Protein chains: 2
Amino acid sequence: MVRDEDGSTRAREVYARLRADIFGGRLAPGRRLKFGELRERYAASAGAIREALVALTSEGLVVSRPHQGFHVVPLSHRDLAELVEARLVVETRALWLSVRDGDTAWEAGVVAAFHVLERTPLLDAADRPGGEPGHPSDAWNAAHAAFHHALIAGCGNRRLVAVARAHREEAELYRQWSVSLGRRSPETAASDHRALMEPALARDPDLAAERLAAHITLTARLLIRCATDAPAAPPEAAPEAAPAGRPRVPAPAPPPRTP
Amino acid sequence: MVRDEDGSTRAREVYARLRADIFGGRLAPGRRLKFGELRERYAASAGAIREALVALTSEGLVVSRPHQGFHVVPLSHRDLAELVEARLVVETRALWLSVRDGDTAWEAGVVAAFHVLERTPLLDAADRPGGEPGHPSDAWNAAHAAFHHALIAGCGNRRLVAVARAHREEAELYRQWSVSLGRRSPETAASDHRALMEPALARDPDLAAERLAAHITLTARLLIRCATDAPAAPPEAAPEAAPAGRPRVPAPAPPPRTP
DNA sequence: CGTCAACAATGTTTCGAAAGTTTTTCTGAG
DNA sequence: CTCAGAAAAACTTTCGAAACATTGTTGACG
């Protein structure tokens, strides 16, 4: 009678590893995912691979066409613009609600997550195996995600939180593939996040949401500037990463509230 | 070189039928989905069934616990409240953007969808096989969904549109299982939707969004009143449809914009 | 020289059986 | 009568092979 929610399932393991490989940049956007390769790579049979791919498909990280196989989702300017817009809609609103409704446990979670984020070095001490030189460390990425999650967790709406997380993760993917992103200093990052946390703890929903919107659009601007220079060219074969569409920032924060 | 997006795949077919059976009320919320039954019902092997279930899982219609099988998602007051809140966030904003950015093709789509909706009888002429007496017809449901989709399609953000559709579909599930929902007259429904369309075509984003919010919360109120009377009791065995949580309406439209 | 059709190769999808895990049932002792 | 423990049943999960579809290539024909 353990009744653990243990995710011990062959397919779930492949799912997790595939996901990590996509986010970690080991599988380039637009790259075709052949069953043979994956079977060898993850030492699982076609059924398990397939199941993991289907799960990732409805999560938006993988696209599939019947009888034509699976691909890592291709990055495009248009998709990035849509993603930023969606984040502005969902995440800022979730934060607003969170600040309004969050209880003491929520506050504690935010403070704790910020503390961890502050103490986690942005870059690895030395270039570890697997750690890219210019990119943030895995630990920092995790702490960063945890902080943003803690901020909006107070709204109590599992649905909004889940959608926001999905959006953040895809944004992470874009960040992974943008060339270096003009490395911001650790100090800048810390003050950015403190600027997010302060109005939240001070129970000022409007200011908190405004700051978050600025945070999101700023990141997006950097990404898009990067992307125009080097249109998200993955080093390892991305035959159909179509950068078509409207490369503009999705209108700098279309007024979330009118007077 | 047809390059059709033909969904011809065994698993996809099972997926579609399962989905239809859940929405059609033939599979009650909370009901366990055993492989044996499903294999017989859909005449497919375990692999295909499994794949379809996984796809439905990450869509939120089915929940899975490793080694313990799959269930149709259980309905609960708390989940309904969260769903309504999420719809208010995503769908009203998408409509706002749609009204602001939509082009002539979007207008045409809205007008066309409304025309179809207006001409589709709310109830079937006679009680067809499969058509419940008090419930709207399949045709009307389809037209209704198409109308709401057309309204927000103008925002050009596939992500927002997809999330909104997922939310609407789950709301549909709740409506399916609420006993009768105090049948509104066809005239009321028509005028409701006209009230949605008019400000949209008149390019008044704020009014359109406001009307949509009212539309959503009104439906939710009816549902929740229904649910308190008869807590979503499915006729055909639903051993764990837990109606726990906070049964309140998620604050009647928390001010979407402050002055 | 360009176009079309059949062929081969690669890769995806499906199936049924075996392996592993959870739940239930049955027995015996306290 | 209740509770603990062990065997059995039921079900989920995994695997590898066979069936099926698509793509690229080659050859012939207009």
Side-chain angles (χ1 to χ4, degrees), chain A residues 1-19 22 27-28 30-58 61-74 236-240, chain B residues 1-19 22 27-28 30-58 61-74 237-240 242:
Chain A
M1 270 224 203
V2 271
R3 209 172 269 284
D4 279 354
E5 301 258 332
D6 71 326
S8 68
T9 290
R10 199 91 197 84
R12 202 165 282 258
E13 187 189 319
V14 174
Y15 165 86
R17 290 189 57 188
L18 245 170
R19 204 181 147 82
I22 292 175
L27 291 174
R31 168 164 174 173
R32 179 155 184 203
L33 297 168
K34 288 187 246 188
F35 277 77
E37 289 180 17
L38 299 180
R39 273 195 47 175
E40 185 183 4
R41 181 174 190 140
Y42 302 118
S45 93
I49 303 283
R50 186 171 180 71
E51 188 176 318
L53 285 172
V54 169
L56 285 167
T57 292
S58 34
L61 257 62
V62 164
V63 295
S64 92
R65 284 183 303 188
H67 295 284
Q68 291 182 87
F70 294 81
H71 298 253
V72 179
V73 61
E236 194 185 358
E240 35 195 289
Chain B
M1 275 228 202
V2 270
R3 208 169 271 281
D4 278 353
E5 302 260 332
D6 71 326
S8 68
T9 291
R10 199 90 197 86
R12 202 166 282 258
E13 188 189 320
V14 175
Y15 165 85
R17 291 188 57 190
L18 246 170
R19 204 180 146 82
I22 291 176
L27 292 173
R31 169 165 173 173
R32 178 153 184 205
L33 298 168
K34 287 187 247 190
F35 277 77
E37 290 179 16
L38 299 180
R39 274 194 45 172
E40 186 183 5
R41 184 175 189 139
Y42 302 118
S45 95
I49 303 283
R50 185 168 183 73
E51 188 175 317
L53 285 173
V54 169
L56 285 167
T57 292
S58 34
L61 258 63
V62 164
V63 294
S64 92
R65 284 182 304 187
H67 296 282
Q68 292 182 78
F70 294 81
H71 298 252
V72 179
V73 61
E240 35 195 290

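In what follows, chains are A, B, ... by sequence order, proteins preceding strands, each numbered from 1. All of these numbers come straight from a predicted model, not from anything done at the bench.
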Participant: Quick check: closest heavy atoms across His67(A) and Thr9(B), and the distance to 0.1 Å?
Facilitator: NE2-OG1, 4.3 Å
Participant: Starting at atom OH of Tyr15(A), determine the distance to atom C1' of dT13(D), rounded to an integer number of angstrom.
Facilitator: 19 Å
Participant: Mind listing the residues from residues 33-45 of chain A sitting with a heavy atom below 4.0 Å of DNA chain C? Number order is fine.
Facilitator: Leu33(A), Lys34(A), Phe35(A)
Participant: Looking at Arg32(A), I'd like to know whether one of its side-chain N or O atoms comes within less than 4.0 Å of OP1 or OP2 on dT12(C).
Facilitator: yes
Participant: Using only side-chain N and O atoms of Arg50(B), determine if any of them is under 4.0 Å from OP1 or OP2 of dT13(D).
Facilitator: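 Result: yes.
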Participant: Can you give me the closest heavy-atom contact between Pro66(B) and Arg12(A), atom names plus distance?
Facilitator: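 The answer is CG-NE, 4.4 Å.
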Participant: Just the rounded figure in Å: distance from P of dC15(C) to CD1 of Ile49(B).
Facilitator: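 It works out to 9 Å between those atoms.
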Participant: Can you figure out which of dT22(C), dT13(C), dC15(C) approaches the side chain of His67(A) most closely?
Facilitator: dT13(C)
Participant: Starting at the 5' end of DNA chain C, which residue's closest nucleotide do you reach first, Ala46(B) or Glu51(B)?
Facilitator: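 Taking each residue's closest nucleotide, the earlier one in sequence belongs to Glu51(B).
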Participant: Whole-Å distance between dG11(C) C1' and Phe70(A) CZ?
Facilitator: 12 Å
Participant: Taking the side chain as everything from C-beta on, heavy atoms only, tell me whether Tyr15(B) gets closer than 4.5 Å to Glu51(B).
Facilitator: no
Participant: If we check side-chain contact (heavy atoms from CB on, under 4.5 Å) with Leu27(A), which of these qualifies: Val62(A), Val72(A), Leu61(A)?
Facilitator: Val72(A)
Participant: What are the two closest heavy atoms between Leu18(B) and Ala52(B), and how far apart are they?
Facilitator: CD1-CB, 4.4 Å
Participant: How close do Gln68(B) and Arg32(B) get, heavy atom to heavy atom, and via which atoms?
Facilitator: O-NH2, 3.9 Å
Participant: How many whole angstroms separate atom CD of Gln68(A) from atom P of dT13(C)?
Facilitator: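 It is 10 Å, rounded to the nearest whole Å.
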